2 protein chains.
Amino acid sequence: MTDAQTPRRTQAERTRASKAKIIQAATQFFAQQGYRGAKMSDIARTANLTEPGLLHHFPSKNHLLMEVLAERDRIDGELIDFKGYSEKNDFLSSQQKLVEHNSTVPGLVQLFTTLAAESIQKEHPGHNFFRERYHKGRADEIEMLRHAQESGEIRSDIPAEDLAAMLYAMMDGLQIQWLYEPETIDMVKVFSNFTKLLKPEKD
Amino acid sequence: MTDAQTPRRTQAERTRASKAKIIQAATQFFAQQGYRGAKMSDIARTANLTEPGLLHHFPSKNHLLMEVLAERDRIDGELIDFKGYSEKNDFLSSQQKLVEHNSTVPGLVQLFTTLAAESIQKEHPGHNFFRERYHKGRADEIEMLRHAQESGEIRSDIPAEDLAAMLYAMMDGLQIQWLYEPETIDMVKVFSNFTKLLKPEKD
DNA sequence: GTCTATACCCTGATAGAC
DNA sequence: GTCTATCAGGGTATAGAC
C-alpha cells in the first residue's frame with residue numbers, strides 16, 4: 001500500500017520496533033539473571049530473532065546493557081516529571097508515591113537491584129552508570145531535603161546529606177527483602193513508617 | 001619427623017589446611033565477581049592448586065559456594081556472641097558496633113551484598129540461604145526490639161516487625177553506596193544518625 | 001535486516017596416572 | 001591428595017549468503 005510511497009520510513013519503523021522488542025526482552029533477562037547470567041540467545045529468541053539478528057541492532061552484549069539502562073533512565077525521568085516524585089513541596093509523600101509505584105513493577109525493581117549489586121565490581125560494564133546514578137541522585141535529593149527542612153516538613157537535626165543516603169538505602173534495602181518475600185514484607189507500609197521518623201518531633 | 005608416628009593426623013591436617021585456603025580464595029573471588037563471575041580456575045590457582053585438585057575437596061562450584069556461606073555464618077555467629085552484637089540491653093549501640101565492624105572488612109561486606117542480590121533469582125544456589133537468613137534475622141531482632149521498646153530505649157509508635165526490616169534495609173542499602181564510594185559515604189556516621197531517629201521523642 | 005554456518009574461547013567437570 | 005589430559009557444553013561474536 002504505502003510501501004511504494006514511503007519505503008524508507010517503513011523500514012525505519014520496523015527497525016525501531018525490533019529494537020524495542022529486543023530492549024524489552026533484554027530488560028526481562030537482565031532482571032531475572034543479571035548481566036552475566038543473561039544469555040544473548042535467550043534474549044534473541046524472546047525478541048523473535050536469531051543471535052546475529054540481534055547483534056545487527058546492538059553490536060555487543062555490553063552495548064545492549066548500556067541501552068537498556070539508558071532507556072530505563074529516560075522512561076523513569078519522564079515518570080518522575082509526570083507523577084511529581086520530585087516535588088519541592090510535600091517531599092515525603094512524593095517519595096512515598098515512588099515506593100508505591102515500585103511495588104507494582106517488581107520486574108523493574110529486580111533489574112536495578114540485581115544490576116546495582118553486580119556492578120559494584122569496578123570492571124563491570126554498568127559500574128560507572130550506577131556510581132554516577134547514586135552520586136547525582138543524592139545530590140538532587142539534598143537540594144529538596146534542605147527545602148523540606150526549611151519548610152518544617154522534615155526534622156532539621158540531621159544533615160541533608162545523610163538523609164539522602166538514608167532514603168536511597170531504605171528503598172534499596174527494602175526492595176531486596178521484598179523481592180525475597182513479597183508476601184511477608186510490605187515495602188509500602190514499612191517505608192511509610194520510615195517517613196514518620198523523618199518528621200519533626202512534636203513540641 | 002613425626003610422620004612415622006602420626007601419619008594419618010598429618011594428612012588430615014593437610015586436608016584442613018587445603019580446604020581453608022580454598023575457602024579463603026573462593027570468598028575473595030565470589031565477593032569480587034559474584035558466584036557466576038567467579039572462575040574455579042582462579043580460585044584454584046590462588047589456593048595453589050589445579051582445578052581438579054580443588055574439586056577433590058569440593059565436588060562442585062555449587063558445593064563450594066554453600067561451604068563458603070556456611071563458614072561465614074559460623075564465623076559471624078562467633079563474632080556476634082563474642083562482641084555482644086545481640087545484647088538485649090543497649091540494643092542500638094550493639095547495632096552501631098556491628099556497622100563499625102563491617103566498615104573494617106569491605107571484602108566480606110561485598111561478598112554478602114553481591115551474593116544476596118544475585119541470589120534473588122529462585123534458581124540460584126544461594127537463594128534459600130539468603131531468604132532464610134533474612135527471615136530468621138528479622139525474627140531474632142524483633143524479640144530484641146520489643147525488649148528495647150519496653151525498656152524505653154526505642155520509640156514504641158512503630159511495630160517491631162517494621163523496625164527489624166528497616167534495620168536490615170538500612171545496613172544493606174548503606175553498604176551498596178559505601179562500596180561504590182567509600183570516600184564519600186560514611187556508613188558509620190549515617191547509620192549513627194539513623195539510630196537517632198529510632199530513639200523516643202523527648203517530651 | 002535477518003538468516004545459516006561457524007570460529008573461537010572459556011568453563012565446569014571427569015578419567016585415570018602418580 | 002594432587003596432577004595431566006581431556007571432554008562436553010555453552011558463550012559471544014563474525015563471515016558471508018539472501
Side-chain angles (χ1 to χ4, degrees), chain A residues 2-3 6-26 28-30 32-68 118 121 123-126, chain B residues 2-4 6-26 28-30 32-68 115 118 121 123-126:
Chain A
T2 54
D3 280 60
T6 58
R8 281 210 289 258
R9 190 161 163 236
T10 301
Q11 271 298 43
E13 276 170 3
R14 277 216 193 110
T15 296
R16 272 195 38 219
S18 268
K19 281 203 163 193
K21 246 186 180 174
I22 293 168
I23 296 261
Q24 194 182 7
Q28 178 195 326
F29 283 101
F30 285 153
Q32 279 166 13
Q33 327 240 6
Y35 174 73
R36 269 189 249 264
K39 298 166 221 168
M40 293 296 268
S41 52
D42 284 343
I43 297 170
R45 198 173 334 106
T46 305
N48 289 116
L49 280 172
T50 59
E51 232 175 299
L54 190 168
L55 287 166
H56 170 74
H57 297 281
F58 303 92
S60 76
K61 190 182 182 183
N62 199 319
H63 283 78
L64 181 53
L65 173 68
M66 300 317 287
E67 296 263 4
V68 165
E118 194 181 358
Q121 192 198 351
E123 297 76 22
H124 195 286
Chain B
T2 55
D3 279 57
T6 57
R8 279 209 291 257
R9 190 160 160 237
T10 301
Q11 270 298 43
E13 277 170 5
R14 275 215 195 114
T15 295
R16 272 196 38 219
S18 268
K19 281 202 163 193
K21 244 186 183 174
I22 294 168
I23 295 262
Q24 193 182 5
Q28 179 196 325
F29 283 100
F30 285 152
Q32 279 166 10
Q33 326 238 8
Y35 174 73
R36 269 190 251 264
K39 299 166 222 166
M40 294 294 269
S41 53
D42 284 343
I43 296 170
R45 197 172 336 105
T46 305
N48 289 116
L49 281 172
T50 59
E51 228 175 306
L54 189 168
L55 287 166
H56 170 76
H57 296 280
F58 302 93
S60 76
K61 191 182 182 182
N62 198 319
H63 284 78
L64 181 54
L65 174 68
M66 300 316 288
E67 297 263 5
V68 165
L115 291 181
E118 192 180 1
Q121 193 198 353
E123 298 75 23
H124 195 286

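Here is how names work: the chains are called A, B, and so on, in the same order as the sequence lines, proteins then strands, and each is numbered from 1. Bear in mind the structure is a predicted one, so any value in this text is a computation, not a measurement.
- Residue B:Ala17 is classed as having no contact, given no heavy-atom separation below 4.0 Å to the nucleic acid.
- Each of A:Gly37 and A:Leu55 has a nearest nucleotide on DNA chain D; the 5'-most of these lies closest to A:Gly37.
- Rounded to whole Å, atom C1' of C:dC3 lies 14 Å from atom CG of A:Asn48.
- Looking at the side chain of B:Ser41, the nearest of the listed nucleotides C:dT11, D:dG1, D:dT14 is C:dT11.
- As a whole-Å value, the separation of B:Met40 CE from C:dC10 P is 18 Å.
- Atom P of nucleotide D:dT12 and atom CZ of A:Arg45 are separated by 12 Å, given to the nearest angstrom.
- Residue-level contact check: A:Ala44 touches neither bases nor backbone, having no heavy atom under 4.0 Å from any strand.
- At a threshold of 4.5 Å between non-hydrogen side-chain atoms, the residues B:Gln121 and A:Gln32 do not count as touching.
- Considering only side-chain N and O atoms, A:Thr50 lies nowhere under 4.0 angstrom from the phosphate OP1 or OP2 of C:dT2.
- If you take CD of B:Glu51 and C1' of D:dT2, they are 14 Å apart, rounded to a whole angstrom.
- For the pair B:Lys39 and B:Phe29, the cation-pi test (distance below 6.0 Å, angle within 45°) is failed.
- Atom NE2 of A:His56 is separated from atom P of D:dC18 by 18 Å (rounded to the nearest Å).
- The side chain of B:Ser18 places an N or O atom within less than 4.0 Å of a non-bridging phosphate oxygen (OP1 or OP2) of D:dT2.
- Residues A:His63 and A:Ser60 share a closest heavy-atom pair of ND1-OG, 2.8 Å.
- With C:dG12, D:dG1, D:dC3 as the choices, the nucleotide that has an atom nearest any side-chain atom of B:Lys61 turns out to be C:dG12.
- Per the geometry, CG belonging to A:Leu54 stands 11 Å off C1' belonging to D:dT12, to the nearest Å.
- The distance from atom NZ of B:Lys39 to atom P of C:dA13 is 16 Å, rounded to the nearest whole Å.
- The side chain of A:Leu49 lies closest to C:dT2 when the candidates are C:dT2, C:dT14, D:dA13.
- Rounded to whole Å, atom P of D:dT12 lies 16 Å from atom NE2 of A:His63.
- Looking at heavy atoms from C-beta onward, B:Leu55 lies in side-chain contact with B:Met40 at the 4.5 angstrom threshold.
- Interatomic distance, B:His57 NE2 to B:Lys19 NZ, rounded to the nearest 0.5 Å: 7.5 Å.
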